[in-house]
Amino acid sequence: MWSAACAIGQSVRVNESSENNTVERVGVVGAGLMGSGIAEVCARAGRDVIVVEVSPEACERGRSRLVGSLDRGVRSGKLDEQARDAALARLSFTTDYADLADRQLVVEAVIEHEPLKIDVFKKLDAAVTDPAAILASNTSSIPIMKLGIATERPEQVIGIHFFNPVPVLRLVELVTSLLTSPETTERANGFATEVLHKRVIRSQDRAGFIVNALLIPYILSAIRMMESGFATADDIDAGMVEGCNHPMGPLHLADLIGLDTTMAVADSLYAEFKEPLYASPPLLSRMVEAGLLGRKTGRGFYEYGAR
Ligand code: CAA
């Protein structure tokens, strides 16, 4: 079952049945910034986690990102070496969706591209055999209904939206579609609050949900301000850090989120509401086309050393 090229630890079967309605076996699709963070917090919470990626190389990159984050946690005294090793032993990587058959919860965390996410949900619907399994998306902006109706079980599809860095930020947005069942919502809420110790806020199924509907126009305004020559990137960011006590300014934050993700969320918001404030500024579009995606590529509004 395990892809040898990708396996980094032994699978630990904590509980073979879903009878007691708990979630012991988790799947995560995508091991980028968000997927690796979600896998990390689930494994640290004692869950058996299988991560699906597209290739052995992508599995290895995800594994390295995850180990790097766990090591940062150890260095900063947030967890000890034993807890790090135990979390790693609960994590496996694979390229085969069939390995998710017995998962009780799967969180999709692939890039913010609607056709790709719909395809992932079709694959999950075919692969996950637990009839009560929750199929969740970490989407920042794509309506959950569109993902739900790609499956035969839209009542079990829900948005569980984490924030970057996932091991550090407490918030989770829980997003229910018109078809999500109350049972799915309560199980997902219980998992996020009692197992992951996250603070859950609930949103209806509108593009951007709560946080991105507020955050993205703010970031786009900062980009327009810089693009027009009104102020420098440093001064815009310093304004919000020093003047409003934000942990980082909007351009640094765009680099952290990834400029491709920032633009994809803006596009979803614009498609839904047709408001000019959600339209991607030309500078953002050009930077994404140029591959200047922020921290993950080493250059966005700022330059970053090797990651
Ligand atoms: N496990 C546990 N703790 C960890 C950790 C890990 N794997 N990695 C880091 N930490 C802890 C560190 O120990 C440190 O804790 P203390 O403050 O108690 O010392 C803390 O996390 C911060 O880490 P750093 O010292 O490395 O970094 P920093 O102080 O420069 O803060 C930051 C970095 C957390 C990113 C901070 O700048 C911040 O919160 N920025 C805003 C981030 C934000 O707004 N994110 C949301 C983006 S929107 C999104 O994600 C969703 C979307 O839909 C687009």
Side-chain angles (χ1 to χ4, degrees), residues 30 32-45 64-81 83-88 91 107-113 117 136-144 159-175 196-199 201 203 206-220 222 237-238 240-242 244-269 278 280 284 288 293-296 300 302 304-305 307:
L33 275 179
M34 298 302 290
S36 60
I38 295 165
E40 177 184 336
V41 295
C42 292
R44 281 169 65 171
S64 302
R65 187 176 284 119
L66 221 148
V67 170
S69 174
L70 285 168
D71 285 345
R72 211 157 43 246
V74 171
R75 278 199 305 278
S76 60
K78 294 286 154 49
L79 78 164
D80 58 31
E81 288 181 11
R84 176 198 57 197
D85 295 346
L88 279 174
L91 277 153
V107 185
E108 166 278 314
V110 303
I111 58 167
E112 205 66 5
H113 183 56
K117 286 193 188 273
S137 175
N138 178 58
T139 179
S140 310
S141 61
I142 294 168
I144 300 305
I160 307 182
H161 181 215
F162 295 81
F163 290 81
N164 179 22
V166 179
V168 180
L169 297 195
R170 268 194 77 206
L171 191 72
V172 158
E173 282 179 316
L174 208 57
V175 186
L196 302 183
H197 304 293
K198 296 287 186 187
R199 163 78 160 92
I201 58 175
S203 169
R206 302 285 182 276
F209 316 131
I210 296 170
V211 173
N212 280 301
L214 295 169
L215 179 66
I216 294 298
Y218 157 69
I219 290 176
L220 299 183
D237 278 349
M240 298 311 290
V241 173
E242 307 294 341
C244 297
N245 218 14
H246 288 196
M248 57 186 7
L251 300 171
H252 261 128
L253 182 53
D255 278 355
L256 175 76
I257 293 170
L259 300 195
D260 50 345
T261 302
T262 303
M263 190 170 107
V265 179
D267 288 348
S268 293
L269 283 160
Y278 297 129
S280 177
L284 178 60
V288 171
L293 304 183
R295 283 195 195 195
K296 62 186 166 189
Y302 299 92
Y304 303 87
R307 299 248 96 212

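Only heavy atoms go into these numbers, but all of them, side chains included; no hydrogens, no water, no symmetry mates. Sequence positions, counted from 1, serve as the residue numbers for this chain. Order of listing sets the numbers, starting from 1, for every ligand and every atom in it.
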Atom pairs and distances, ligand 1 N/O vs protein N/O under 3.5 Å:
from	atom 1	to	atom 2	distance (Å)
ligand 1	1 (N)	Arg44	NH1	2.9
ligand 1	7 (N)	Glu40	OE2	3.1
ligand 1	7 (N)	Ser69	O	2.9
ligand 1	7 (N)	Ser69	OG	3.0
ligand 1	13 (O)	Ser76	OG	2.7
ligand 1	13 (O)	Lys78	NZ	3.0
ligand 1	15 (O)	Lys78	NZ	2.7
ligand 1	18 (O)	Lys78	NZ	2.8
ligand 1	45 (N)	Asn164	O	2.8
ligand 1	50 (O)	Asn164	N	2.9
ligand 1	53 (O)	Ser140	OG	2.9
ligand 1	53 (O)	His161	NE2	2.8
ligand 1	53 (O)	Asn212	ND2	2.8

Listed partners of Thr261 passing side-chain hydrogen bond (donor to acceptor under 3.5 Å, both in side chains), at least two apart: none
Pairs meeting criterion salt bridge (Lys or Arg N to Asp or Glu O under 4.0 Å) with involvement of residues 245-256, two or more places apart: none
Ring pair (Phe, Tyr, Trp, His ring centres under 6.0 Å) partners for Phe162, two or more places apart: none
Sole residue of Asn138, Thr139, Ile144, Val172 in side-chain contact (heavy atoms from CB on, under 4.5 Å) with His161: Asn138
Test item: side-chain donor near acceptor, Ser69 and Glu40, under 3.5 Å: yes
Geometric class of the Tyr304/Tyr302 ring pair [parallel <30°, tilted 30-60°, perpendicular >60°]: perpendicular
